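Okay, so here's the structure we're looking at.
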Amino acid sequence: MTSIYAQRRAALAAQLGAGGVAIIPTAPERARNRDSDFPYRHDSYFFYLTGFTEPHAWLVIQAHGHTTLFCQPKDLEREIWDGIRLGPLAAPAALGVDQAHSVSELSKELPKLLENQTTVWFPFATHDALTAQVDGWLTQVRARVRMGVSCPSAQQDLCTLLDEMRLVKDAHEQDTMRRAARISAHAHVRAMQTSARMLRAGQDVREYHLDAELLHEFRRHGSQFPAYTSIVAAGANACVLHYRADAAPIRDGELVLIDAGCELDGYASDITRTFPANGRFTGPQKDLYQLVLHAQHASVKATQAGARFNDPHEAALRVLSQGLLDLGLLTTAKHGSLEDVLDKKAYAPFYMHRTSHWLGMDVHDCGSYIEPGEANTAPAKADPLTGVMVQPRPSRVLHPGMVLTLEPGLYVSPSDDVPEAFWHLGIRIEDDAIVTATGCELITRDVPVEVADIEALMRD
Ligand code: GLY
Ligand code: MN
Ligand code: MN
């Protein structure tokens with residue numbers, strides 16, 4: 001049986017054009033300090049094509065489908081310190097590549113693979129010094145032109161092909177993402193319940209206590225890492241969009257915003273929940289929460305094959321803007337009608353990020369947000385906030401298997417124009433959605449979003 005990785009390599013090879021050669025390095029190891037490294041994480045493109053997670057590895061794919069892997073050689077001494085290596089001898093059977101060499105042979109073997117080919121494909125602007133390395137190999141090939149060898153004369157960005165392939169998730173990827181999402185959802189439940197339980201017991205609750213619960217749940221289900229730095233934000237900290245889990249006290253009566261998701265077998269999940277630390281929403285908290293929730297419902301309804309990537313955002317903006325008028329955070333006297341609020345982006349002081357991003361191996365996954373072939377087809381328009389002329393960018397048409405987040409929010413800084421009851425509230429609700437023919441599948445709903453469900457779960 002051909003592995004999914006071999007299928008992907010073949011699909012990529014078929015797009016390289018006659019004489020094309022693709023070069024894909026994995027990620028480097030990165031020093032944290034002295035001789036301690038950051039935990040190693042492979043390169044996503046490389047993993048997509050190999051499933052191989054060792055460092056110091058390269059994949060070369062030729063247009064006719066021949067594949068070559070370079071990997072760490074077997075080395076008893078190093079393996080005692082760092083762990084077992086697959087090694088080039090075992091690699092063809094284990095990974096289905098045609099040929100494998102020690103990575104120490106890279107500079108000798110790579111020019112040979114480029115001889116008499118036309119185009120070198122590699123990921124542009126993703127690996128330090130890769131362009132210089134490719135130049136070096138091309139120089140070696142060119143030195144042999146006198147011997148009748150021809151040298152590639154074109155370089156192409158491999159990301160353009162791989163990003164499109166990665167944008168639509170196959171059944172294996174969707175299954176992994178569902179499992180990652182389920183673990184993350186249970187981690188959120190655990191953090192919510194811990195918050196209420198510790199407060200009921202009169203304990204000092206800190207943001208890091210809830211972070212510890214998230215990590216515990218991620219790891220005990222086999223997740224290798226958090227997919228990104230977790231946010232655990234007590235009270236006003238929720239209004240800092242890139243806040244991290246720090247040491248602030250979590251107080252009775254405040255909201256807590258947690259944005260955290262695990263990475264499982266190379267795939268990310270990304271969930272935000274906002275909940276009352278003690279398990280019971282106050283009136284103003286509930287009003288603002290329900291508004292964000294309605295906006296999220298609208299964005300969910302707008303997500304289906306054939307819709308555009310921007311449709312969930314537009315749907316959320318409409319609900320949020322109307323709600324800001326209804327709750328008095330914006331006023332008709334000052335901001336005009338709903339259409340005025342939308343046109344002039346009067347919601348922007350409260351909602352300054354977008355509703356969605358692609359999700360996959362990377363939390364902000366690759367893939368163009370603009371529909372191919374439709375860029376630059378409409379006239380430029382002035383941005384209402386800055387006056388800068390902006391080229392409208394017809395957003396991507398959604399297809400089954402694309403995965404995106406739906407994450408509207410509201411963040412209220414103190415201001416004389418805003419009722420004081422809402423000051424310092426920061427609320428975001430984020431779920432992960434797989435696009436289907438008729439709608440979308442929310443894969444993160446093992447943690448609830450409805451007010452009554454959150455209160456019930458934190459009571460028990
Ligand atoms: N956690 C990153 C994001 O929501 O985009
Ligand atoms: Mn997100
Ligand atoms: Mn998030």
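Source: prediction; values computed, not measured.
How far CG of Asp37 is from CZ of Arg30: 10.5 Å, rounded to the nearest 0.5 Å. A distance of 6.5 Å separates CG of Leu442 from CG of Leu406, quoted to the nearest 0.5 Å. Interatomic distance, NE2 of His186 versus SG of Cys262, reported as 11.5 Å (0.5 Å rounding). Atom-to-atom distance recorded for Ile454:CD1 and Glu450:CD is 8.5 Å, nearest 0.5 angstrom. The distance from the CG atom of Asp431 to the OG1 atom of Thr444 is 3.5 Å, given to the nearest 0.5 Å.
Between the side chains of His188 and Asp446, no donor N or O sits under 3.5 Å from an acceptor N or O. Side chains of Ser44 and Asp362: a donor-acceptor N/O pair is present below 3.5 angstrom, by distance only. When only modelled atom types and interatomic distance are considered, Arg354 and Asn310 share a side-chain donor-acceptor pair under 3.5 Å. Between the side chains of Asp43 and Thr26, not a single donor N or O lies within less than 3.5 Å of an accepting N or O. Defined by atom type and a distance below 3.5 Å, a donor-acceptor pair is missing between the side-chain atoms of Asp246 and Tyr208.
Residues Phe52 and Phe47 keep their aromatic ring centres 6.0 Å or farther apart. Aromatic ring centroids of Phe218 and His216 lie 6.0 Å or more apart.
We find that Glu105 and Lys112 are not joined by a salt bridge, their nearest charged nitrogen and carboxylate oxygen being 4.0 Å or further apart. With respect to the salt-bridge test (charged N to carboxylate O, under 4.0 angstrom), the residues Lys169 and Asp365 qualify.
Proximity of a side-chain donor or acceptor of His294 to a complementary backbone N or O of Gln290 within less than 3.5 Å is detected. Side chain of Tyr40 to backbone of Ala27: a donor-acceptor contact under 3.5 angstrom is found. A donor-acceptor pair is defined here as one N or O able to donate and one able to accept, closer than 3.5 Å; such a pair exists between the side chain of Thr405 and the backbone of His357. When atom types are taken as modelled, the side chain of Asp98 and the backbone of Thr67 share a donor-acceptor pair closer than 3.5 angstrom. Between the side chain of Glu371 and the backbone N or O of Val397, at least one donor-acceptor pair lies under 3.5 Å. In terms of modelled atom types and a separation under 3.5 Å, the side chain of Asp175 and the main chain of His172 share no donor-acceptor contact. Distance alone, capped at 3.5 Å, places no donor-acceptor pair between the Trp58 side chain and the Ile24 backbone. Checking side-chain atoms of Thr194 against main-chain N and O of Arg190 turns up a donor-acceptor pair under 3.5 Å. Between the side chain of Asp157 and the backbone N or O of Phe124 there is at least one donor-acceptor pair closer than 3.5 Å. Of the possible polar contacts, one joining the Gln193 side chain to the Leu457 backbone as a donor-acceptor pair under 3.5 Å is found.
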Assess the residue pair Lys74 and Glu79 against the criterion (salt bridge (charged side-chain N to carboxylate O under 4.0 Å, His left out)); give the C-alpha distance rounded to whole Å, side-chain angles, the decisive distance to 0.1 Å, and a yes or no. CA-CA 8 Å; Lys74 295 295 284 179; Glu79 290 180 57; 3.0 Å; yes

Apply salt bridge (charged side-chain N to carboxylate O under 4.0 Å, His left out) to the pair Arg178 and Glu441, showing each step before the final yes or no. CA-CA 10 Å; Arg178 282 189 195 95; Glu441 176 190 346; 2.7 Å; yes

Please test Val292 against Arg428 for side chain to side chain contact (heavy atoms under 4.5 Å, CB included), starting from the C-alpha separation and ending with a verdict. CA-CA 7 Å; Val292 176; Arg428 178 164 66 256; 5.9 Å; no

I would like to know whether Tyr411 and Phe350 meet ring-ring contact (aromatic ring centres under 6.0 Å, His included); could you show each step before the answer? CA-CA 5 Å; Tyr411 313 89; Phe350 307 104; 9.9 Å; no

Would you sort out whether His209 and Gln203 count as a side chain to side chain contact (heavy atoms under 4.5 Å, CB included), showing the intermediate values? CA-CA 11 Å; His209 288 128; Gln203 290 166 345; over 6 Å; no

Audit row: Asp432, Ser269, side chain to side chain donor-acceptor pair (under 3.5 Å) steps and yes/no: CA-CA 7 Å; Asp432 304 343; Ser269 52; 5.1 Å; no

Run the side chain to side chain contact (heavy atoms under 4.5 Å, CB included) check on Met192 and Val447 step by step: do they pass? CA-CA 10 Å; Met192 286 175 175; Val447 53; 3.9 Å; yes

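Surrounding CG of Asn33 are more than 12 heavy atoms belonging to other residues, nucleotides or ligands, all under 6.0 Å away. Arg200 CZ: more than 12 foreign heavy atoms inside a 6.0 Å radius. When the shell of 6.0 Å around CZ of Arg78 is examined, it contains more than 12 heavy atoms from other residues, nucleotides or ligands. Counting heavy-atom neighbours within 6.0 Å of Arg393 CZ, excluding the residue itself, gives a total of 12 or less. Heavy atoms from other residues, nucleotides or ligands lying under 6.0 Å from CG of Leu89 number 12 at most.
Taking the centre and axis of the six-membered ring of Tyr45, the NZ or CZ atom of Arg166 falls inside the cone set by 45° and 6.0 Å.
For Arg179, the side chain to side chain donor-acceptor pair (under 3.5 Å) test picks out no residue, with sequence neighbours left out.
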Quiz: residues 7-19 side-chain donor-acceptor pairs under 3.5 angstrom, not counting sequence neighbours:
{"unit_1": "Gln7", "atom_1": "NE2", "unit_2": "Thr2", "atom_2": "O", "d": "3.4"}
{"unit_1": "Arg8", "atom_1": "NH1", "unit_2": "Tyr48", "atom_2": "O", "d": "3.0"}
{"unit_1": "Arg8", "atom_1": "NH2", "unit_2": "Asp170", "atom_2": "OD2", "d": "2.9"}
{"unit_1": "Arg9", "atom_1": "NH1", "unit_2": "Leu49", "atom_2": "O", "d": "2.8"}
{"unit_1": "Arg9", "atom_1": "NH2", "unit_2": "Leu95", "atom_2": "O", "d": "2.9"}
{"unit_1": "Arg9", "atom_1": "NH2", "unit_2": "Gly96", "atom_2": "O", "d": "3.3"}
{"unit_1": "Gln15", "atom_1": "NE2", "unit_2": "Ala11", "atom_2": "O", "d": "3.1"}

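At least one side-chain heavy atom of Ser368 sits less than 4.5 Å from a side-chain heavy atom of Arg396.
The side chain to side chain donor-acceptor pair (under 3.5 Å) contacts involving residues 230-239 comprise Glu207-Asn237, Asn237-Tyr243, where partners must be two or more places apart or lie in separate chains.
Contact between Gly222 and Leu264 at its shortest, heavy atoms only, is O-CD1, 3.7 Å.
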